[in-house]
Asks: 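Below you will find the structure I want to go over with you.
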There are 2 protein chains.
Amino acid sequence: MTEELLDATDHEILGLLREDARRTLSDIAGRVTLSTAAVKRRIDRLRETGVITGFTVQVDHAKLGWGIEAFTELRFVGNTKVAEILRTTTRMPEAQAVFTIAGDPDALVWLRVRDMAHLQKTIDEIRRHHQVTGTKTLIALESWARGT
Amino acid sequence: MTEELLDATDHEILGLLREDARRTLSDIAGRVTLSTAAVKRRIDRLRETGVITGFTVQVDHAKLGWGIEAFTELRFVGNTKVAEILRTTTRMPEAQAVFTIAGDPDALVWLRVRDMAHLQKTIDEIRRHHQVTGTKTLIALESWARGT
DNA sequence: TATGAAACTGGGGTGGC
DNA sequence: GCCACCCCAGTTTCATA
């Protein structure tokens with residue numbers, strides 16, 4: 001992993017795909033001045049080497065009725081296992097991302113919920129699954145995420 | 001927005017596309033027992049109504065050499081405008097997401113960087129752009145995000 | 001208003017250069 | 001890396017309940 005896997009053209013292609021993963025090969029080829037076959041080979045290689053891990057849709061969660069975003073900082077008793085935290089929280093549909101932290105707090109969970117009652121229920125559920133000594137929840141006023 | 005926009009089949013289709021946005025129409029059609037034309041119409045409608053906002057690739061940032069994730073909590077002087085925070089941070093390639101918060105801290109920035117020196121530089125840059133009274137940075141040991 | 005069947009079109013897969 | 005071919009996915013149309 002010390003050697004550089006990608007050249008400038010690969011990065012260009014990655015950028016174009018991040019903007020719109022459904023671009024056709026010829027569209028990309030035109031923009032990076034390569035042939036479609038060449039572009040295809042590069043994309044295939046990006047997938048094989050694991051740089052590209054998949055393709056998804058971007059969804060407007062507010063339109064689905066999940067309009068509230070929050071962060072919950074978690075503090076645990078000393079012997080709680082990091083893997084355990086990830087395992088239980090990642091199963092919750094409300095969890096968008098989970099980070100285990102070096103320091104205080106011990107973990108950070110990005111939540112997306114329908115309303116405040118739902119948020120309350122979700123935090124309670126997290127507390128129930130772990131030996132949580134304390135939580136602090138930050139409610140987002142506005143948010144932005146790369147690629148939306 | 002009070003009425004339910006989507007039925008069960010729409011949610012099913014959304015779920016399939018989130019797993020893999022490059023599924024063919026006939027693949028989806030087979031799984032939800034509809035014709036390709038019907039599936040296409042539903043996906044088109046999801047795009048028109050803004051539920052689906054786009055299609056992207058999922059990238060393994062560690063493979064690109066951006067292996068470190070961190071959160072920076074920001075505190076500002078009273079008169080700092082929320083819009084201003086979003087505007088400047090979202091331009092930084094290191095920022096993955098930005099949240100303005102009701103309470104303390106005032107904002108939360110999810111960063112992805114190459115190494116500790118890069119993290120330091122990035123935090124410095126954020127501080128330079130705002131009337132920041134304080135920052136606290138949490139470095140992630142492990143992370144998980146929905147759809148990876 | 002939503003569906004399914006079928007015809008049309010254009011992009012992706014492949015192999016030769 | 002380029003070009004040309006073929007096939008299939010995506011799209012459109014139309015009849016239907």
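Order of the sequence lines fixes the chain letters, A, B, ..., with proteins taken first and strands second; residue numbering starts at 1 for each chain.
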Asks: What's touching nucleotides 15-17 of chain D from the protein side, N or O pairs under 3.5 Å?
Replies:
none

Asks: Would you write the dot-bracket representation of DNA chain C, where each base gets (, ), [, ], | or . depending on whether it forms a Watson-Crick or G-U pair under 3.5 Å and with which partner?
Replies: |||||||.|||||||||
Asks: Applying salt bridge (charged side-chain N to carboxylate O under 4.0 Å, His left out), can you list everything that pairs with A:Arg31, at least two apart in sequence or on another chain?
Replies: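 With sequence neighbours excluded, A:Arg31 shows a salt bridge (charged side-chain N to carboxylate O under 4.0 Å, His left out) to A:Asp27, given in chain and number order.
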Asks: With sequence neighbours excluded, tell me which residues meet salt bridge (charged side-chain N to carboxylate O under 4.0 Å, His left out) with A:Arg42.
Replies: A:Asp7, A:Asp10
Asks: Any chance you could list the contact pattern along nucleotides 5-17 of chain C? Use B for base contacts, S for sugar-phosphate-only contacts and - for none, protein heavy atoms under 4.0 Å, 5' to 3'.
Replies: B-----SSS----
Asks: For A:Arg42 and D:dC2, what is the distance between atoms CZ and P respectively, to the nearest whole Å?
Replies: 11 Å
Asks: Apart from B:Phe71 itself, what residues make up its hydrophobic cluster when side-chain heavy atoms of I, L, V, M, F, W and Y under 4.5 Å apart count as a link, directly or indirectly?
Replies: A:Phe71, A:Phe99, A:Ile101, A:Leu108, A:Trp110, A:Leu138, B:Phe99, B:Ile101, B:Leu108, B:Trp110, B:Leu138
Asks: Residues two or more places apart in sequence or in another chain: which of them pass ring pair (Phe, Tyr, Trp, His ring centres under 6.0 Å) with B:His129?
Replies: none
Asks: Under the side chain to side chain contact (heavy atoms under 4.5 Å, CB included) test, which residues partner A:Lys40, sequence neighbours left out?
Replies: A:Leu25, A:Asp44
Asks: Go through the structure and list residues passing side chain to side chain donor-acceptor pair (under 3.5 Å) with A:Glu84, not counting sequence neighbours.
Replies: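 For A:Glu84 the side chain to side chain donor-acceptor pair (under 3.5 Å) partners, ignoring immediate neighbours, are A:Arg87.
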Asks: With sequence neighbours left out, what residues match B:Trp144 under ring pair (Phe, Tyr, Trp, His ring centres under 6.0 Å)?
Replies: none
Asks: Which residues pass the salt bridge (charged side-chain N to carboxylate O under 4.0 Å, His left out) test with B:Arg127, not counting sequence neighbours?
Replies: none
Asks: Using a 3.5 Å distance criterion without hydrogens, assess whether the side chain of B:Arg146 forms a donor-acceptor pair with backbone atoms of A:Ala95.
Replies: yes
Asks: Identify whether any heavy atom of B:Arg45 sits under 4.0 Å from a base atom; if not, whether one sits that close to sugar-phosphate; answer base, sugar-phosphate or nothing.
Replies: nothing
Asks: Please table the atom pairs, donor to acceptor, closer than 3.5 Å between any side-chain atom in residues 49-60 of chain A and protein atoms at least two apart or in another chain.
Replies:
residue: A:Thr49; atom: OG1; partner: A:Arg45; partner atom: O; Å: 2.8
residue: A:Thr49; atom: OG1; partner: A:Leu46; partner atom: O; Å: 3.3
residue: A:Thr53; atom: OG1; partner: B:Gln58; partner atom: O; Å: 3.1
residue: A:Thr56; atom: OG1; partner: B:Gln58; partner atom: NE2; Å: 3.3
residue: A:Gln58; atom: NE2; partner: A:Gly147; partner atom: O; Å: 2.3
residue: A:Gln58; atom: NE2; partner: B:Thr56; partner atom: OG1; Å: 3.4
residue: A:Asp60; atom: OD1; partner: A:Ala62; partner atom: N; Å: 3.1
residue: A:Asp60; atom: OD1; partner: A:Lys63; partner atom: N; Å: 3.3

